[in-house]
J.: 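Have a look at this one.
What's counted below: heavy atoms across the whole structure, side chains too, no hydrogens, waters or symmetry copies. Just so you know, ligand 1 is whichever comes first in the structure, and atom 1 is the first atom listed for that ligand.
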Amino acid sequence: MNHFRDIPIKQKLTVTILVTVAVSLLLSGAGVVAADSFLFRSYLNRDLSALANILADNSNASIAFDDPQSANEVLASLRSRTHVVSACVRGANEVTLASYARPGAPTGCPSPGPEAGIRSTPEGLVVSQPIMLQSRSIGTVVLLYDLDEVGQRVRVFGTTVLIVLLISSVFAFWVSAGLRALVAAPILELAQAVTAVSKTKNYGIRARRLSGDETGVLTDAINEMLAGIQTRDTDLRKALVGRENALASAENAREFLATTLASIGDAVISTDTEGRVVFANPVAQALLGWPEAEIVGKHLDEVFRIVNELTREKVESPVAKVLREGTIVGMANHTLLMARSGAEIPIDDSGAPIRDSTGATRGTVLVFRDVTQSRRAEQTTRLLASIVESSDDAIVGHDLDCIFTTWNKGAEKTFGYSSDEAIGRSTLLIADSESGDEMPGVLERIKRGERIDQYQAVRRTKNGQPIHVSVTVSPLLDELGRVVGASKIARDITEQVMASERLAQLNAALRRSNEDLERFAFVASHDLQEPLRMISVYSQLLIRACAGKVDGDTGMFVDYITGGTRRMRELLADLLAYAEIGANREDPVSTIDLNVVLEKVKENLRASIDDSGARVSSVPLPFLKADEVHFIPLFQNLIENAIKYRGADAPQIQIRVEESAHHVQFSVADNGIGIEPEYQEKIFAPFKRLHGPNIPGTGIGLAICLRVIERYGGRIWVESEAGRGATFHFTLPGKILPGKDKS
Ligand code: ADP
């Protein structure tokens with residue numbers, strides 16, 4: 001049955017029709033057969049009774065006369081009745097008088113039943129009919145009738161019913177095919193439409209209306225339902241898209257707000273109506289020192305502690321005020337935030353209520369910022385303003401049209417005009433017409449954003465006095481970095497200018513007298529050589545002429561004269577060398593290789609180097625634009641001194657060179673007796689010696705060195721400790737000549 005439920009409608013229809021047709025035909029066939037059998041049996045009973053009666057009537061005489069032949073003749077009439085199997089006539093004593101058997105059938109008398117009448121036996125119907133004579137039974141006729149006829153009828157009827165059934169089935173099948181088209185097609189159409197809808201979810205699909213019956217009504221109803229669903233689906237989709245869009249834009253807005261709050265430079269905290277923190281942006285977390293995980297849920301008073309900077313008293317939280325008053329609240333000046341770390345941060349803030357669409361307060365938002373920087377800037381500005389105001393220098397500002405915009409106390413003092421008199425006036429107010437106006441040129445450079453450092457100019461004061469000023473001009477910029485004017489710092493240097501003019505005059509005089517002196521020293525040392533030489537020569541001649549004629553004392557005196565003149569000659573030679581260094585003031589034109597210079601010096605000092613066992617070592621020396629006549633005495637004096645003032649060990653002399661940003665520094669170090677600190681400057685003076693005549697020398701060597709180095713714009717000094725050697729340093733301005741220093 002279940003299987004039947006699942007088969008398609010058209011098959012169901014076919015099966016139903018065929019089964020119905022078959023069952024009804026079979027039932028009606030069975031009815032016909034049953035009725036026919038019943039009727040035929042009735043008819044047969046009657047027929048056989050009549051036949052038995054006839055046979056009994058015809059046989060009574062045969063029995064009465066005991067005539068078997070006639071009885072046999074009577075029975076022989078049964079030959080025409082093919083279904084009579086056998087028959088017999090029996091007398092009153094049960095003796096068979098005559099019998100009949102159908103050809104092929106066994107002979108014998110069928111056994112009669114106990115009663116007259118027709119009885120069914122397996123062989124067929126046994127009919128026994130008493131043979132009456134004058135209402136007395138004288139015998140019995142018994143006959144056996146087979147039922148083949150009944151079977152034949154049943155077969156005929158059965159076959160007929162089957163043929164009719166077959167034909168009816170074919171017809172019924174044909175009818176069912178038509179019915180299928182009529183009944184099943186609309187249902188199929190409906191089913192396909194519904195299946196397609198459920199598969200594709202396309203509620204735009206409609207079932208075709210193929211009939212006007214209930215299926216048609218159903219189709220209409222389903223189509224209507226689909227239309228309804230489609231409309232709802234479309235509405236739903238639209239609503240869904242709208243909702244999704246709304247959600248997306250809400251999410252965008254949320255993200256935008258979150259990013260805005262996260263990237264905003266101010267600290268932002270929001271609280272609920274109880275004053276508990278709901279949100280704190282990263283700046284707020286950093287300022288307060290509370291991370292998000294800890295701050296959310298805390299009461300604002302716990303994390304946002306503020307005091308008055310001046311009184312140190314606790315300040316009421318702006319949130320409490322906002323919640324109480326329901327309005328935007330600004331914070332008092334001088335508010336200090338006590339951060340969790342203990343740091344005190346000056347802040348500036350405001351609180352505001354958060355209201356929903358109904359206007360009800362949902363919480364508060366607090367915005368604050370660290371004003372340390374701006375405070376500092378304000379302080380700096382104030383400080384700068386007071387510096388400007390209290391400065392003795394004139395500090396003034398003017399716009400690009402050269403109209404004064406600021407004028408400090410220093411300017412009032414320097415130029416004699418009050419700020420009211422100067423501001424709004426042109427810079428020509430203090431210009432000196434005689435010395436020319438440098439302003440146009442300066443203004444051009446200022447417009448290009450340049451700063452002009454300390455140039456000298458002449459200005460005129462209110463009372464008409466010219467004054468010398470040293471001016472520094474800087475461009476004044478607006479917020480966009482554009483030049484809008486200039487600030488000038490002018491220092492009254494009239495006195496310095498006067499003093500330096502005086503100094504210049506004195507210097508010129510000094511230079512002149514120095515030159516005279518040098519010329520004198522040069523001439524004297526040169527011209528004195530000749531008389532000295534004469535004294536020396538004639539002393540020698542005197543000794544030779546008086547040889548053996550003078551006493552010992554006289555000879556000794558003459559020796560003194562000779563020694564004195566030799567020493568004087570040395571002194572004059574050194575003095576001449578010293579004077580010569582200052583003589584030629586022209587800049588050197590040739591380049592010298594100091595390595596060659598050093599070799600020449602070593603050659604000059606060969607004897608004393610060899611005698612003392614001195615070791616002179618040097619790094620590669622640079623090339624210089626200098627005169628050899630200056631650098632040979634320089635190195636020679638330093639090396640000679642290092643050998644002369646040696647200690648117990650053989651002299652070790654090391655020459656080094658270092659280059660710095662502005663000069664080249666040389667050093668000549670020895671391991672000699674060293675120099676006490678108090679003499680380290682004095683030894684550079686001419687004729688200054690720390691030793692007696694046991695160490696030869698004139699005391700002019702280091703003075704020559706100093707002259708040479710000063711001539712080249714350098715500096716010379718010594719570093720030493722008594723007994724631990726001395727290092728003479730000297731610098732020369734400029735750099736090592738490129739490409740030649742390591743040659
Ligand atoms: P001189 O060597 O002719 O005496 P200098 O002018 O060369 O004159 O030196 C002045 C003095 O400085 C010397 O007399 C000596 O006492 C001291 N002096 C110079 N160089 C050295 C040195 N390398 N070590 C110790 N003393 C020195």
J.: Run the numbers for me: atoms of ligand 1, each under 4.0 Å from some heavy atom of Lys644, listed by number.
T.: 1 (P), 2 (O), 3 (O)

J.: Measure the spacing between CG of Leu288 and CZ of Arg340 and express it to the nearest 0.5 Å.
T.: 10.0 Å

J.: Identify the closest protein heavy atom to atom 19 (C) of ligand 1: which residue and atom is it, and at what distance?
T.: Asn641 ND2, 3.4 Å

J.: Starting from atom 26 (N) of ligand 1, find the nearest protein heavy-atom neighbour and note its residue, name and distance.
T.: Ile675 CG1, 3.4 Å

J.: Relative to the heavy atoms of Gly699, which atoms of ligand 1 are at a distance of less than 4.0 Å?
T.: 1 (P), 3 (O), 4 (O), 6 (O), 8 (O)

J.: Is the closest heavy atom of Tyr679 to ligand 1 under 4.0 Å?
T.: no

J.: Do ligand 1 and Leu702 have nitrogen or oxygen atoms that lie under 3.5 Å from each other?
T.: yes

J.: Looking only at protein heavy atoms, which one is nearest to atom 27 (C) of ligand 1, and how far off is it?
T.: Tyr645 CD1, 3.5 Å

J.: Might you point out which heavy atoms bring Gly416 and Glu421 nearest each other, and give the distance in Å?
T.: O-OE1, 4.2 Å

J.: How does Lys688 reach ligand 1, by side chain, by backbone, by both or by neither, if only non-hydrogen atoms under 4.0 Å count?
T.: backbone

J.: Would you mind checking which non-hydrogen protein atom is closest to atom 12 (O) of ligand 1, with the distance to 0.1 Å?
T.: Ile683 CG2, 3.3 Å

J.: Can a donor-acceptor pair be found between the side chains of His468 and Gln456 at a distance below 3.5 Å?
T.: no

J.: How close do Ser536 and Arg569 get, counting heavy atoms only, and between which atoms?
T.: OG-NH1, 3.6 Å

J.: Per the ring pair (Phe, Tyr, Trp, His ring centres under 6.0 Å) rule, which among Tyr712, Tyr578, Phe730 passes with His630?
T.: Tyr712

J.: At what distance is the nearest protein heavy atom to atom 4 (O) of ligand 1, and which residue and atom is it?
T.: Arg689 NE, 2.4 Å

J.: Which atom names give the shortest non-hydrogen contact between Pro733 and His663, and what distance separates them?
T.: CA-CB, 4.0 Å

J.: Parallel under 30°, tilted from 30 to 60°, perpendicular over 60°: which one fits the rings of Phe404 and Trp407?
T.: perpendicular

J.: Asp670 versus ligand 1: do any nitrogen or oxygen atoms come within less than 3.5 Å of each other?
T.: yes

J.: Applying the side chain to side chain contact (heavy atoms under 4.5 Å, CB included) criterion to Ile704, which one of Leu634, Asn637, Leu575 satisfies it?
T.: Asn637

J.: Scan Arg491, Lys409, Lys413 and name whichever one has a salt bridge (Lys or Arg N to Asp or Glu O under 4.0 Å) with Asp392.
T.: Lys413

J.: Give yes or no for whether the N/O distance cutoff of 3.5 Å, strictly under, is met between Ala726 and ligand 1.
T.: no

J.: Can you name the nearest heavy-atom pair linking Glu628 to Val597, along with the distance?
T.: CG-CG2, 3.9 Å

J.: Which of the atoms in ligand 1, numbered in the order shown and given with their element, are less than 4.0 Å from a heavy-atom of Gly674?
T.: 25 (C)

J.: Please list the nearest protein heavy atom to atom 16 (O) of ligand 1 with its residue and the distance rounded to 0.1 Å.
T.: His691 ND1, 2.7 Å

J.: Within a distance under 4.0 Å of any heavy atom of Gly697, pick out the atoms of ligand 1 and give their elements.
T.: 3 (O)

J.: Should Asn637 be listed as contacting ligand 1, given a heavy-atom distance under 4.0 Å as the test?
T.: no

